[in-house]
Amino acid sequence: MFKFGGFGSLGVSHSSQNSGDYVLSSSLPKGTGRSSEWTAHNNTRLAVHVTGNFTPKVSGIFQVDSEYQADGTYRPQVELAHVKYAFSPSFNARIGRLALPTFIDSENHDVGYSFAWVNPPVDLYQLSVHSTDGVDATYRSEIGEAVNTIKVMYGNKSTAKDLRGLFDTFEYGSAIYHVAYQLRSSPSQYLQTGGSGAWVQTSDLSVGASYDPGNWFVISEWIQRRSTTRVSAMYVSGGYRINEFTPYLTYSQIGPGSFLQDSPPPAAADIERANRAQSTISVGVRWDLMRNIDCKFQYDQVRLSNNSNGYLVNVPAGVTLYGSRFYVVSAVVDFLF
């Protein structure tokens with residue numbers, strides 16, 4: 001009835017930028033660069049889960065993750081906790097804490113072993129809401145040799161209230177196409193208005209496609225977020241598998257936000273804090289050491305836009321790094337158990 005398992009990553013990263021910290025999420029208090037020449041905070045996590053098959057129709061999962069948090073600790077948090085009821089092999093519904101399938105690999109974004117990169121492209125995944133507490137329903141249909149899966153979702157969390165989402169994935173042979181649309185209310189302190197306490201209607205439209213015939217892969221995704229501003233991000237990545245090695249190349253970018261005409265005017269400081277425009281070129285290799293264990297190495301060259309400090313944190317007051325470039329090197333071991 002019950003099955004236990006888990007996954008994890010042990011990694012380190014180094015940044016050549018000593019006037020700010022490079023982080024994978026802007027909510028983190030510090031990373032590599034100004035605070036520490038090398039850090040494990042960006043690429044280290046451990047997760048354990050238990051799945052239960054209670055009846056042929058009722059199943060569930062409970063997962064706890066430990067990774068670097070906004071409070072500066074590795075305090076474990078419940079990442080997934082839901083029950084699923086299968087009405088038929090093609091139709092099911094779930095209730096509880098659910099992963100949001102904003103992108104093709106969103107539901108496995110923290111399972112490093114499931115993808116080729118050291119981490120999913122930062123410029124795009126910074127815009128992702130990873131989970132919500134709510135309900136969803138999924139219908140899977142076969143169309144000849146193709147499979148289409150459509151999902152509807154409703155949920156709430158502290159940074160996303162009244163979240164409604166529609167997600168569709170179309171699979172044909174080695175190709176996957178994914179489109180998603182979400183509406184929710186977001187607290188305005190996370191937006192360019194810089195206010196506190198007010199909730200603002202936010203929408204995300206994301207589109208992605210991948211092709212993986214086995215020996216090689218290519219994947220590209222794009223998202224546009226509209227709230228008080230409109231901002232877009234994208235990436236394109238490809239790799240080639242040579243025995244146990246997979247070298248890959250990725251380009252990603254996030255653009256500056258442009259204000260919508262009916263949004264309240266922000267203060268200049270709020271605009272500066274919220275503008276994250278940057279681009280990244282990544283070169284790396286995955287080495288599959290043995291069953292359920294890999295080792296990855298990645299080199300990133302990050303270029304900040306001409307009016308942005310990008311996703312750097314802990315930049316001293318009054319310091320502008322606009323237009324500068326720096327590199328990040330990372331090494332990580334991923335494992336399943």
d(Q224 CD, S203 OG) to nearest 0.5 Å is 7.5 Å
Heavy-atom closest pair (S128 atom, R225 atom, distance to 0.1 Å) is N-NH2, 4.3 Å
Closest non-hydrogen atoms of T44 and E67, given as atom of the first, atom of the second and distance, are O-CB, 3.8 Å
Shortest non-hydrogen pair, V313 vs K30, comes out as CG2-CA, 4.4 Å
Is any side-chain heavy atom of P101 less than 4.5 Å from a side-chain heavy atom of K151?
-> yes
With heavy-atom distances below 4.5 Å as the criterion, would you say the side chains of L80 and F62 are in contact? no
(message) Evaluate F297 against V283 for side-chain contact (heavy atoms from CB on, under 4.5 Å), listing each step before the verdict.
(response) CA-CA 9 Å; F297 304 92; V283 179; over 6 Å; no
Test of ring centre spacing under 6.0 Å for Y125 and F103: yes
Of D212, I176, T250, D105, the one forming a side chain to side chain contact (heavy atoms under 4.5 Å, CB included) with I219 is D105
Trace of the side-chain contact (heavy atoms from CB on, under 4.5 Å) decision for L304 with L312
CA-CA 10 Å; L304 308 180; L312 293 173; 4.0 Å; yes
Donor-acceptor contacts, no H, no angles, side chain residues 3-15, under 3.5 Å, sequence neighbours left out:
residue: S9; atom: OG; partner: D334; partner atom: OD1; Å: 2.5
residue: S13; atom: OG; partner: N42; partner atom: ND2; Å: 3.4
residue: H14; atom: ND1; partner: E37; partner atom: O; Å: 2.7
residue: S15; atom: OG; partner: Q17; partner atom: N; Å: 3.1

Taking every heavy atom of L205 against every heavy atom of W222, the minimum-distance pair comes out as O-CZ3, 3.8 Å
Could you tell me if the side chain of Q253 sits less than 4.5 Å from the side chain of Q278, heavy atoms only? no
Checklist line | Within the 6.0 Å centroid threshold, strictly below: Y251 and Y235 | finding: no
**Q.** 4.5 Å side-chain heavy-atom contact, V200 and S186
**A.** no
* Asked: Using the ring of each side chain (for Trp, its six-membered ring), is Y139 parallel, tilted or perpendicular to F91, with breaks at 30° and 60°?
  -> tilted
- prompt: How far apart are the C-alpha atoms of S227 and Q201, what are their side-chain angles, what is the distance that settles it, and do they pass the side-chain contact (heavy atoms from CB on, under 4.5 Å) test?
  reply: CA-CA 6 Å; S227 53; Q201 183 82 342; over 6 Å; no
Keeping the roles fixed (side chain from Q298, backbone from V118), state whether a donor-acceptor pair exists under 3.5 Å. yes
Does the side chain of M153 come within less than 4.5 Å of T132's, by heavy atoms?
yes
Nearest heavy-atom contact between T169 and H178 is OG1-ND1, 2.8 Å
Ring-face cation contact, W287 with K296, 6.0 Å cut, 45° max:
no
Side chains of N314 and D21: do they bring a donor and an acceptor to under 3.5 Å? yes
Close side-chain approach of V152 and F167, heavy atoms under 4.5 Å:
no
Exercise for the section: Go through the steps for T280 and D123 under the test side-chain hydrogen bond (donor to acceptor under 3.5 Å, both in side chains), then give the verdict. Expected result: CA-CA 8 Å; T280 306; D123 301 336; 3.1 Å; yes
Below 30° counts as parallel, above 60° as perpendicular, anything between as tilted: where do the rings of Y299 and Y327 land?
parallel
From the list R226, R184, R164, salt bridge (charged side-chain N to carboxylate O under 4.0 Å, His left out) with D204 holds only for R184
On a heavy-atom basis, the closest approach of F115 and R286 is O-NH1, 2.9 Å
Could you check whether any side-chain heavy atom of Q182 comes within less than 4.5 Å of a side-chain heavy atom of L166, counting everything from C-beta outward?
no
request  = Give the ring-plane orientation class for Y211 versus W216, where under 30° counts as parallel, over 60° as perpendicular and anything between as tilted.
outcome  = tilted
**Asked** Step by step, would you call S25 with S27 a side-chain hydrogen bond (donor to acceptor under 3.5 Å, both in side chains)?
**Response** CA-CA 5 Å; S25 171; S27 65; 2.9 Å; yes
Separation between CZ (F326) and OG (S19), nearest 0.5 Å, reads 10.5 Å
- Task: Using the rule that two of Ile, Leu, Val, Met, Phe, Trp, Tyr join whenever any of their side-chain heavy atoms come within less than 4.5 Å, decide whether V302 and Y248 are in one cluster.
- Result: no
(Q) Less than 4.5 Å apart, side chain to side chain, heavy atoms only: is that true for I254 and V231? (A) yes
(request) Determine the interplanar angle of the F87 and Y85 rings, folded into 0 to 90°, and report it as parallel if under 30°, tilted if 30 to 60°, perpendicular if over 60°. (result) perpendicular
dist L124:CG -> S237:OG (nearest 0.5 Å) comes out at 12.0 Å
Indicate whether the side chain of H41 and that of Y74 have a donor and an acceptor atom separated by less than 3.5 Å. yes
Checklist entry - With the threshold set at 4.0 Å, does a side-chain nitrogen-carboxylate oxygen contact exist between R94 and D136? => result yes
